Peer 1: 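One structure is given below, represented as structure tokens, and several questions about it will come after.
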Amino acid sequence: MDDRYERIVRFAAEHANRARIIEHKTAIVDLASAATVFDVTRAAATYVVETKEGVFAVIALASGHLRWRALGRALGLRQLHLASPDVVKDRTGYDVGTVGPLFLGIPAYMDRRLLPYDMIYCGTEDAHHTLAIDPQLIVEQNDVVGWFDGGEFTQRAQAM
């Protein structure tokens, strides 16, 4: 881990009325572990994707699995797929699985479903700390180049 976590902590302190760090004993590695700490219906996931057009972040509600091909078509991005761990690290400085929505250094697409919440929960690069943040602050801190409604691109649960 580099100083990215410390940058996020400083950022939260500088924006204390709109962001805060939540410390927890449970390491958050998935939605089940997150549910022991915060309301997972307000959890945001930040994905790094590669396309023919370049490398982008996709910031979306974490409660469903996105259908990447359909999302790529809707955004006008060709051959959209999750970036390799090396590309994620090289382009954002984050390791896969720890990517948060701040200090990305790449253009981002954002899920409109995040905006109605006063606070959402995001990664910080440290599994024992979560960022609670006003989603509008994420917009202000990123180069958001497009919007989508993640509900239109979430995989439906299959009947058993």
Side-chain angles (χ1 to χ4, degrees), residues 1-50 54-66 68 71 75 80 82-151 153-155:
M1 185 167 34
D2 64 15
D3 68 338
R4 187 162 316 272
Y5 169 72
E6 292 303 324
R7 287 178 67 194
I8 294 168
V9 170
R10 285 192 305 274
F11 178 87
E14 292 166 3
H15 298 86
N17 60 331
R18 298 174 68 194
R20 65 186 166 84
I21 299 293
I22 301 169
E23 184 175 4
H24 38 84
K25 290 182 181 182
T26 302
I28 295 180
V29 296
D30 54 24
L31 286 178
S33 55
T36 67
V37 177
F38 55 80
D39 177 0
V40 294
T41 65
R42 293 179 177 222
T46 303
Y47 305 96
V48 178
V49 298
E50 287 186 277
V55 176
F56 301 93
V58 174
I59 304 167
L61 274 177
S63 56
H65 295 288
L66 293 173
W68 294 108
L71 179 61
L75 296 175
L80 184 147
L82 291 172
S84 71
D86 288 341
V87 169
V88 173
K89 184 69 170 179
D90 289 346
R91 296 300 299 271
T92 69
Y94 285 99
D95 290 319
V96 168
T98 70
V99 181
L102 298 177
F103 310 118
L104 293 167
I106 56 176
Y109 289 89
M110 193 156 169
D111 188 340
R112 285 185 190 92
R113 298 177 303 163
L114 296 168
L115 297 178
Y117 297 112
D118 58 339
M119 287 281 179
I120 59 175
Y121 303 99
C122 311
T124 63
E125 192 182 44
D126 180 330
H128 292 278
H129 294 87
T130 296
L131 175 65
I133 187 169
D134 174 348
Q136 191 59 43
L137 192 52
I138 294 171
V139 175
E140 294 166 15
Q141 297 301 312
N142 280 288
D143 176 17
V144 177
V145 295
W147 296 89
F148 64 97
D149 179 343
F153 304 102
T154 303
Q155 292 179 2

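Numbers here simply count residues along the sequence, with the first being 1. Predicted model, so just to flag it, every value in this text is computed and none were measured. Just the heavy atoms: all of them, side chains too, but no hydrogens, waters or symmetry mates, feed the values below.
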Peer 1: Which pair of non-hydrogen atoms, one from A57 and one from T46, has the smallest distance, and what is that distance?
Peer 2: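 Scanning both residues completely, I find the closest heavy atoms to be CB-CG2, 4.3 Å.
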Peer 1: What I'd like to find out is whether the side chain of Y47 reaches to under 4.5 Å of the side chain of L66, using heavy atoms alone.
Peer 2: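 SC-SC contact between Y47 and L66 confirmed.
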Peer 1: So H128 and H24, would you call those rings parallel, tilted or perpendicular, with 30° and 60° as cut-offs?
Peer 2: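 Tilted: the ring planes of H128 and H24 meet at 30° to 60°.
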Peer 1: What closest approach, in Å, do S33 and D30 show between heavy atoms, and which atom pair accounts for it?
Peer 2: N-OD1, 2.8 Å
Peer 1: With a 4.5 Å cut-off on side-chain heavy atoms, are V99 and L104 touching?
Peer 2: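 With C-beta onward as the side chain, the pair touches.
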Peer 1: Of the non-hydrogen atoms in A108 and I59, which two are nearest, and what is the gap between them?
Peer 2: CB-CD1, 4.2 Å
Peer 1: Taking the side chain as every heavy atom from C-beta outward, state whether W68 and V58 have any pair of such atoms under 4.5 Å apart.
Peer 2: yes
Peer 1: Could you state the interatomic distance from CG (N142) to CE (M110), rounded to the nearest 0.5 Å?
Peer 2: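 Output value for this atom pair is 8.0 Å.
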Peer 1: Can you find a pair of side-chain heavy atoms, one from F38 and one from I28, that are under 4.5 Å apart?
Peer 2: yes
Peer 1: Taking atom types as modelled, find out whether T41 and D39 have a side-chain donor-acceptor pair closer than 3.5 angstrom.
Peer 2: yes
Peer 1: Specify the closest pair of heavy atoms between F103 and R7, including all atoms of both residues, with the distance to one decimal.
Peer 2: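 Heavy atoms only, the tightest pair is CD2-NH2, 2.9 Å.
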Peer 1: Output the distance between atom OH (Y109) and atom CG (L71), rounded to the nearest 0.5 Å.
Peer 2: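 Y109 OH to L71 CG: 9.5 Å, rounded to 0.5 Å.
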Peer 1: Would you name the heavy atoms of R4 and T92 that are closest together and state the gap between them?
Peer 2: NH2-O, 2.7 Å
Peer 1: Measuring from L114:CG to C122:SG, what's the distance to the nearest 0.5 Å?
Peer 2: 8.0 Å
Peer 1: With F148, which residues qualify under ring pair (Phe, Tyr, Trp, His ring centres under 6.0 Å), at least two apart?
Peer 2: none
Peer 1: Above 12 or not: heavy atoms from other molecules or residues under 6.0 Å from CZ of R112?
Peer 2: yes
Peer 1: Atom CG of D111 and atom OG1 of T154: how far apart are they, to the nearest 0.5 Å?
Peer 2: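 One finds 7.5 Å between CG of D111 and OG1 of T154.
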Peer 1: To check you understand the geometry: which heavy-atom pair defines the closest contact between L131 and A12, and what is its length?
Peer 2: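 So the minimum-distance heavy-atom pair works out to CD1-CB, 4.2 Å.
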Peer 1: Walk me through it: do V139 and W147 pass the test side chain to side chain contact (heavy atoms under 4.5 Å, CB included)?
Peer 2: CA-CA 11 Å; V139 175; W147 296 89; 3.5 Å; yes
Peer 1: Report yes or no: is the cationic atom of R42 (NZ for Lys, CZ for Arg) closer than 6.0 Å to the six-membered ring centre of Y117, at no more than 45° off its axis?
Peer 2: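 No cation-pi geometry.
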Peer 1: Nearest 0.5 Å, please: how far is CD1 in I133 from CD1 in I21?
Peer 2: 9.0 Å
Peer 1: Does the side chain of V96 reach to within under 4.5 Å of the side chain of L82, using non-hydrogen atoms?
Peer 2: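 V96 does not reach L82 side chain to side chain.
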Peer 1: Under the criterion side chain to side chain contact (heavy atoms under 4.5 Å, CB included), I'd like the reasoning laid out for Y94 against V48: C-alpha separation, chi angles, the key distance, then a yes or no.
Peer 2: CA-CA 10 Å; Y94 285 99; V48 178; over 6 Å; no
Peer 1: Would you compute the distance between atom OG1 of T98 and atom OH of Y5 and round it to the nearest 0.5 angstrom?
Peer 2: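 It comes to 13.0 Å.
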Peer 1: Restricting to side-chain contact (heavy atoms from CB on, under 4.5 Å), what partner residues turn up for R18, sequence neighbours left out?
Peer 2: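 Result, side-chain contact (heavy atoms from CB on, under 4.5 Å) vs R18: D134, Q136, L137, E140.
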